[in-house]
Amino acid sequence: MNRRELLLGAAAMAAAATAGKAFAAGHDHMAHDHKSKRNEKLIEVASDCVLKANICVQHCIVAMGQGEKDLAACAASSSQLVAMCAALQHFASAESKFLPQMAKLAMDICKDCEDECKKTERHPECKACGEACAACYKECKKIAA
């Protein structure tokens, strides 16, 4: 094999690789060319609810251990909210066809938690959780079935 054949072979391989990349890039673009229905705002507020409710639950547990028994209902409703909003976040991220029904149920749980947190809003953790619940309720209302 001489130098010319080696260079021609290398050029042919480079051209084939470039053509393969161009084809693959075009194929990927076509395969992923769809409009997302993902509700980013709902994902955001549900995530915030999970965070604030987890903080609220932990605060309530510690405070109840120190004798503040009136936080039991707040802890219970916040605990349920964590489970609901984690599921809501998942359904919204997955663009699930069941999201409107989940949002309707989430509204009830958010409202219950907000009401319980208002009773104990002297605690900043409870107040923050209640506010997160109100924001999530508003977003859910926009899409609830």
_Between Glu116 and Lys111, does any side-chain N to carboxylate O distance fall below 4.0 Å?_
no

*Determine the minimum heavy-atom distance between Ala75 and Val57, stating which atoms define it.*
O-CG2, 3.7 Å

_Inter-residue atom distance Ile61.CD1 - Ser78.OG, 0.5 Å rounding_ = 10.0 Å

*Transitive ILVMFWY side-chain link Leu88 to Ile109, under 4.5 Å*: yes

*At their closest point, which heavy atom of Glu114 faces which heavy atom of Gly130, and how far apart are they?*
CG-O, 3.7 Å

*Say whether, by atom type as modelled, one donor and one acceptor occur between the side chain of Arg38 and the main chain of Glu95 under 3.5 angstrom.*
no

_Option from Cys140, Cys136, Cys85 for which side-chain contact (heavy atoms from CB on, under 4.5 Å) with Val45 holds_ = Cys136

*Grab the two heavy atoms, one from Ser77 and one from Cys74, that are nearest each other, plus how far apart they are.*
OG-O, 3.1 Å

*Side-chain contact, heavy-atom cut-off 4.5 Å: Leu81 with Lys52?*
no

_Validation row: Cys133, Asp115 side chains within 4.5 angstrom (heavy atoms)_ = no

*Measure the SG-CG distance between Cys113 and Asp108 for me, rounded to the nearest 0.5 Å.*
13.0 Å

*Interatomic spacing from NZ in Lys127 to CD in Glu121 - rounded to 0.5 Å*: 6.0 Å

*Looking at CE of Met107 and NZ of Lys142, how far apart are the two atoms once the value is rounded to the nearest 0.5 Å?*
12.0 Å

*From Met84 CE over to Gln80 CD, what is the distance, rounded to the nearest 0.5 angstrom?*
11.0 Å

_Rounded distance [0.5 Å steps], CD1 in Ile143 versus NZ in Lys41_ = 13.5 Å

*Between the side chain of Asn54 and the main-chain N/O of Val50, is any donor-acceptor distance below 3.5 Å?*
yes

*Do you know the tightest heavy-atom contact between Lys119 and Arg122?*
O-NH1, 3.9 Å

_In the structure I gave you, are the side-chain heavy atoms of Leu99 and Leu42 within less than 4.5 Å of one another anywhere?_
yes

